[in-house]
Amino acid sequence: MVVTILFALLGLITATILRLFFVLQRSRPRPPAALNAKRTLGVFLGSGGHTSEALSLISALDFTRFTTRKYYVSEGDHLSISKAKAFEESKFPNSRNFECIVVPRARRVHQSIVSTPPTALRSLFACIKLMTMSPLLGASTVPDVLILNGPGTCLILCLAVYVSKFLGLSAPRLVYVESFARVRSLSLTGKLLRPLVDRFLIQWPEAAGRSKKAEYYGILV
Amino acid sequence: MLAFVTVGSTRFDALVHAATTTDVLKALKSKGFTRLIIQCGNSDVAKDNVEEQGIQIEAWRFKPTLQDTFNDASLVISHAGSGTILDVLRIDKWLIVVPNPTLLDNHQEELAESLSKLGHLKATTVSGLADTIAAFDPATIVPFPKYDGTKFRAIIDEELGF
């Protein structure tokens with residue numbers, strides 16, 4: 001009996017590791033889309049300068065393709081919500097094809113390190129509900145691409161996307177753009193996200209040291 | 001001509017204080033400025049609504065957007081926040097930045113120094129502000145590249161197979 005359970009456990013662990021290994025492999029971009037294919041854009045607005053950079057990044061995208069937009073905003077960040085609304089108004093007056101989704105913060109400004117784990121866990125559960133559970137139940141859809149510019153909470157969103165990937169559910173392509181303010185080193189969020197995202201873009205040539213994954217095409221915002 | 005000193009949402013007592021010193025006002029006057037607006041944020045300003053050294057001084061803490069004041073100004077003197085830097089350089093205004101030395105673990109100095117090396121702005125310290133204004137030569141300023149969204153769009157299009 002004990003041996004059977006042990007073997008079952010061992011099998012489960014091996015399967016999990018193999019699945020993780022598979023999921024962490026760099027996946028390929030989506031195959032060519034039909035000319036009239038409609039897509040959903042997801043973008044995390046991290047407040048302050050992060051929000052300005054994110055909105056600047058998406059402003060030149062092909063909005064005839066992105067017929068739906070999802071703006072992920074940190075809890076309590078009303079300014080980013082009004083900026084997202086103003087941005088939508090400037091692009092599509094009277095459009096209703098967008099939503100602002102509030103995500104609990106991974107860590108509040110000045111929050112002590114000790115009290116961070118429970119807060120981050122709460123944030124993770126909320127993100128899993130958003131990215132994994134509710135699409136699974138048909139209550140919402142997952143964006144086709146998720147654009148991230150920092151700070152910390154976008155790591156949690158990213159982890160939730162990995163839960164979907166692990167379960168073989170549909171997941172957005174992940175594109176991280178390091179802040180224009182980072183000249184010679186990456187932010188902590190950037191360092192943590194680098195192995196997880198599909199594309200990792202920097203805006204200064206020396207921001208990522210000798211990282212092979214980081215791509216530099218000049219200032220993007 | 002209007003000079004605009006801004007500290008954004010931060011507190012930067014030393015810069016706000018330096019802005020109304022006789023040396024700085026004299027330097028502004030020597031460059032042809034007649035007006036100075038100070039957005040002092042969470043710092044307190046010593047002078048408001050007065051004229052000194054031939055410069056009309058006005059101060060306020062916050063406004064919902066600084067864009068209008070940036071447009072009106074010929075010269076912006078700012079803390080080295082990346083948002084303000086982009087906003088100002090994108091509309092081709094003269095910019096002097098003063099990184100806040102009291103901030104720990106900030107990358108303002110790196111950003112200010114790099115943009116200064118490229119010639120887009122002048123970076124200075126609080127004590128060097130008057131001299132930097134007096135020596136400011138617009139002919140040495142290299143225009144900042146315009147916003148170009150095509151590169152990022154190409155990446156997203158590639159990812160989604162457009």
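Naming: A, B, ... by sequence-line order, numbering from 1 per chain.
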For A:V221, is it the side chain, the backbone, both, or neither that has a heavy atom closer than 4.5 Å to a heavy atom of chain B?
both
Toward chain B, the part of A:I147 with a non-hydrogen atom under 4.5 Å:
side chain
State whether the side chain of A:E75 and the backbone N or O of A:V103 hold a donor-acceptor pair below 3.5 Å, judged by distance alone.
no
Under a 4.5 Å heavy-atom cut-off, does chain B meet the side chain of A:S56, its backbone, both or neither?
both
Flag yes if more than 12 heavy atoms outside B:H120 fall under 6.0 Å of its NE2 atom; otherwise flag no.
yes
Partner residues of B:F62 under the ring-ring contact (aromatic ring centres under 6.0 Å, His included) criterion, sequence neighbours left out
none
Hey, is the main chain of A:V183 close enough, under 3.5 Å, to the side chain of A:E206 for a donor-acceptor pair?
no
Okay, side chain of B:D157, backbone of B:F162: is any donor-acceptor separation there less than 3.5 Å?
no
Say whether, by atom type as modelled, one donor and one acceptor occur between the side chain of A:Y162 and the main chain of A:L196 under 3.5 angstrom.
yes
Expected contact set for residues 22-36 of chain B against chain A at heavy-atom separation under 4.5 Å reads none
Working note: B:L89 + B:L86, criterion side-chain contact (heavy atoms from CB on, under 4.5 Å); need CA distance, chi angles, decisive distance, verdict.
CA-CA 5 Å; B:L89 291 183; B:L86 276 175; over 6 Å; no
Taking distance alone, no hydrogens or angles, what donor-acceptor pairs closer than 3.5 Å link side-chain atoms of residues 135-146 of chain A to residues at least two apart or in another chain?
from: A:S140; atom 1: OG; to: A:S134; atom 2: OG; distance (Å): 2.7
from: A:D144; atom 1: OD2; to: A:T40; atom 2: N; distance (Å): 2.8

If we count only N and O atoms by modelled type, under 3.5 Å, do the side chains of A:S179 and A:E53 hold a donor and an acceptor together?
yes
Is it true that the side chains of A:S80 and A:D77 contain a donor and an acceptor less than 3.5 Å apart?
yes
Does A:R69 count as lying over the ring of A:F92, i.e. NZ or CZ under 6.0 Å from the six-ring centre, within 45 degrees of the axis?
yes
Quick one: what part of A:R184 sits under 4.5 Å from any heavy atom of chain B, side chain, backbone, both or neither?
both
Applying a criterion of heavy atom separation less than 4.5 Å, what residues of residues 144-153 of chain B form contacts with chain A?
B:F144, B:Y147, B:G149, B:K151, B:F152, B:R153
Heavy-atom cut-off 4.5 Å, strictly under: side chain, backbone, both or neither for B:I156 against chain A?
side chain
Identify the residue among B:I37, B:V45, B:I38 that makes a side-chain contact (heavy atoms from CB on, under 4.5 Å) with B:W60.
B:I37
Which atoms of A:L201 come close to chain B, meaning under 4.5 Å heavy atom to heavy atom: side chain ones, backbone ones, both, or neither?
side chain
